[in-house]
Amino acid sequence: MRYRLILLSALAPAVISCTPQARTARDAAPSPAPLAGPPRQTAQQQRPNILFIMSDDHAYQAISAYGSPVSQLAPTPNIDRIARNGARFDQSFVTNSLCGPSRAAMLTGKFGNVNGFNQNGQTFDNNQWTWPRAFHRAGYQTAFFGKWHLSHTPVGLEFDEWKVLDDQGEYYNPDFITPQGKSRVEGYATDLITDFSLDWLKHRRDPDRPFVLMVHHKAPHRNFMPPLRYVQKYDGVEFPVPVNYFDGYAGRQAAGAQEMNIYRDMYEGHDLKMTTAVGSTELRYNRWPAAFDRMTPQQRAEWDRLHQASNDAMNAAHLTGRDLAVWKYQRYMREYLGTVAAVDDSVGELLDYLRETGLDRNTIVVYTSDQGFYLGEHGWFDKRFMYEESFRTPLLIQYPGHIPAGSTVSAMVQNIDYAPTFLDYAGVPADPAIQGRSLRQVAHGDTPADWRRSVYYHYYEYPGFHSVRAHYGVTDGRYKLIRFYGPDINAWEFYDLATDPHEMHNRIDDPAQQARIAQMKQELIRLRRQYRDSDGPAVH
């Protein structure tokens, strides 16, 4: 069920209905006159459209195309369509596993030390080169809907139309910012972002010009609030508990010092929606009530009703210790994956529209996340660490006739590669200072001989939320070397992912690995020089 969208700002008092009947009527409305633009292109000259869909904190383990046990119990059939019609990238990494820095890297094709944004809370320089501005200046229509989370807004990036969530945004009845001001819109954020995007495609896009449409969801970012239709979607499903859920962090100082443990650090009210007693709807220790206060009375009453039986059963059981820790994991999975299900709906609606209109034949569709996320591995939620679950991010791309359907790509890629890839396909010149490389050849199954054999990572935000220490590192896909640094730590870690895929055994002091560790340090020096990164202590 979709909610009615009510613009509460005095700047825009109109009421927009998202009921199925109103959606049908709106879709049938005549299209506006084409916007002024470059001359119509022939089919042979036509440049590809780009639909760039990005979620926030969507773990690759929660996409069924990647085949994890969790995702098989909570499949994502629409997101999987992109993999089925195109390529699934199996070694896709971020430069910095944090929302803002990852977004800045995608926009600029450069590491944070070069684009100037390497920690949340900094201000992104909207005047610097970005690929959406380059496309706009090349004659493309450009639009952005959803989570921005860099500067306050994308003013200056030359989008033809944009509507962004205020800061992180809220799941229910969020505030959206446009060039005309800020308005609260009644409804569910994922559905609203989808509606805005489809409305632009159907009614304000010039059909004679190529487009870039960026659809950036808040979901499934913490605090993982599904739409009402999916609150109970996974009730009764028992998700497999990760083998290292009760990790003791032996030999890993930084891992033991973090504050992102599900059963210790998650807020019982805000994150896990736990209530105080049988029969009560009062949330436990709800430190951030704003997310629930934004609900209408009707939404909140239905939300409480849908959670009541599960919460009552939990309270009646008087769980403690490991039993309570496992219960919290299951509640986290049900909330998180119910939130993902709405994102999958959104992808399905967008893909259906492309197919129905024939736009799919000349549109590059990308699905990714700003980084990976922990689904209980090491006992964690959140991201930040260079360990696999947050370092890796999903990447699926389809482009019929150009990317082989159902293919997998094993080449090591990073989010700085997205910008040069789009530019390459469209024939738009790139910024000479760009640090990524086009994925066009690797997506076609023809990896260049000089393609990267290792990737570099740098996380900066300490002191900061979740107390993850600053660190940088390198991996070649099998071996990984990480250096944690700061006022209270100077520690190296080394892993063999072939024998230790869960990264539980730090072998930095293993005599048998010293020659390889020395080689990895030399590679780290080379990459830091290549990416012009002198932040943090020198490698030695």
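Positions are given from 1, in the same order as the sequence printed here.
Tyr66 is listed as a side-chain neighbour of Pro394, based on a closest heavy-atom distance under 4.5 Å. Inter-residue side-chain proximity for Arg205 and Leu359 is flagged as met; some heavy-atom pair is nearer than 4.5 Å. Between Ser390 and Tyr374 the shortest side-chain heavy-atom distance falls below 4.5 Å. When side chains are defined from C-beta on, Pro420 counts as touching Ile434, because their heavy atoms get closer than 4.5 Å. Between Gln91 and Val413, every side-chain heavy-atom pair lies at or beyond the 4.5 Å cut-off. Annotation: side chain of Tyr479 is not in contact with side chain of Tyr495 (no heavy-atom distance under 4.5 Å). Residues Gln441 and Thr447 have side chains not in contact (no heavy-atom distance under 4.5 Å, counting atoms from C-beta outward). Looking at heavy atoms from C-beta onward, Leu396 lies out of side-chain contact with Val366 at the 4.5 angstrom threshold.
Salt-bridge formation is detected for the pair Glu503/Lys480: a Lys NZ or Arg NE/NH1/NH2 atom is positioned less than 4.0 Å from an Asp or Glu carboxylate oxygen. At a threshold of 4.0 Å, the pair Asp271-Arg331 does not count as salt-bridged, since none of the basic side-chain nitrogens sits closer than that to a carboxylate oxygen. Using a 4.0 Å cut-off between a side-chain N of Lys or Arg and a carboxylate O of Asp or Glu, Lys163 and Asp195 do not qualify as a salt bridge. Ion pairing between Arg133 and Glu158 holds under the 4.0 Å rule for side-chain N and carboxylate O. A salt bridge does not link Asp382 to Arg222: none of the charged side-chain nitrogens sits closer than 4.0 Å to a carboxylate oxygen. For Arg252 and Glu493, the salt-bridge test fails: no basic side-chain N is under 4.0 Å from an acidic carboxylate O. Ion pairing between a basic and an acidic side chain is recognised when a charged N comes within 4.0 Å of a carboxylate O; Asp370 and Arg103 show such pairing.
The side-chain tip of Arg209 does not point at the ring of Tyr140 from less than 6.0 angstrom away and within 45° of straight on. For the pair Arg532 and Phe111, the cation-pi test (distance below 6.0 Å, angle within 45°) is failed. Because its NZ or CZ atom is both nearer than 6.0 Å to the ring centre of Tyr60 and within 45° of the ring axis, Arg392 counts as a cation-pi partner of that residue.
Close placement of the Tyr457 and His471 rings is indicated, their centers lying within 6.0 Å of each other. Ring to ring, Tyr418 and Trp131 are not that close: their centroids are 6.0 angstrom or more apart. The aromatic ring centroids of Phe144 and Trp162 lie 6.0 Å or more from each other. In summary, the aromatic rings of Phe145 and Phe176 are positioned with their centroids too far apart to meet the 6.0 Å limit. Taking the six-membered ring for Trp and the full ring otherwise, Phe52 and Phe422 have centroids separated by under 6.0 Å. Aromatic rings of Tyr472 and Tyr459 (six-membered ring for Trp) have centroids beyond the 6.0 Å cut-off, not under it.
Under the rule for a side chain to side chain contact (heavy atoms under 4.5 Å, CB included), the partners of Asp450 that lie at least two apart in sequence or sit in another chain are Arg437, Pro448. In this view, Gln168 and Lys147, His149, Lys218, His221 satisfy the side chain to side chain contact (heavy atoms under 4.5 Å, CB included) rule, not counting sequence neighbours.
Exactly one of Ile403, Thr368, Val365 qualifies for a side chain to side chain contact (heavy atoms under 4.5 Å, CB included) with Ile397. That residue is Ile403. With Tyr367 as reference, Ile79 is the one residue of Leu395, Asp80, Ile79 to meet the side chain to side chain contact (heavy atoms under 4.5 Å, CB included) rule. Shown are Phe381, Tyr329, Phe239; of these, the ring-ring contact (aromatic ring centres under 6.0 Å, His included) with Tyr245 is made only by Tyr329.
Under a 3.5 Å cut-off, the side chain of Asn173 and the backbone N or O of Arg294 do form a donor-acceptor pair. Under the 3.5 Å distance criterion, the side-chain polar atoms of Gln128 are matched with a main-chain donor or acceptor of Asp125. Judged by distance alone, with hydrogens and angles left aside, the side-chain atoms of Gln258 form a donor-acceptor pair with the main-chain N or O of Met260 at under 3.5 Å.
Gln122 and Tyr460 are not linked by any side-chain donor-acceptor pair at a separation below 3.5 angstrom, with hydrogens and angles left out of the test.
In Arg478, the CZ atom is crowded: over 12 heavy atoms of neighbouring residues, nucleotides or ligands sit closer than 6.0 Å.
A perpendicular orientation is assigned to the rings of Tyr456 and His458, their planes being inclined by more than 60° (bins at 30° and 60°).
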When you look at Ser71 and Ser68, which way does the side-chain hydrogen bond (donor to acceptor under 3.5 Å, both in side chains) test go after all the steps? CA-CA 5 Å; Ser71 68; Ser68 79; 3.3 Å; yes
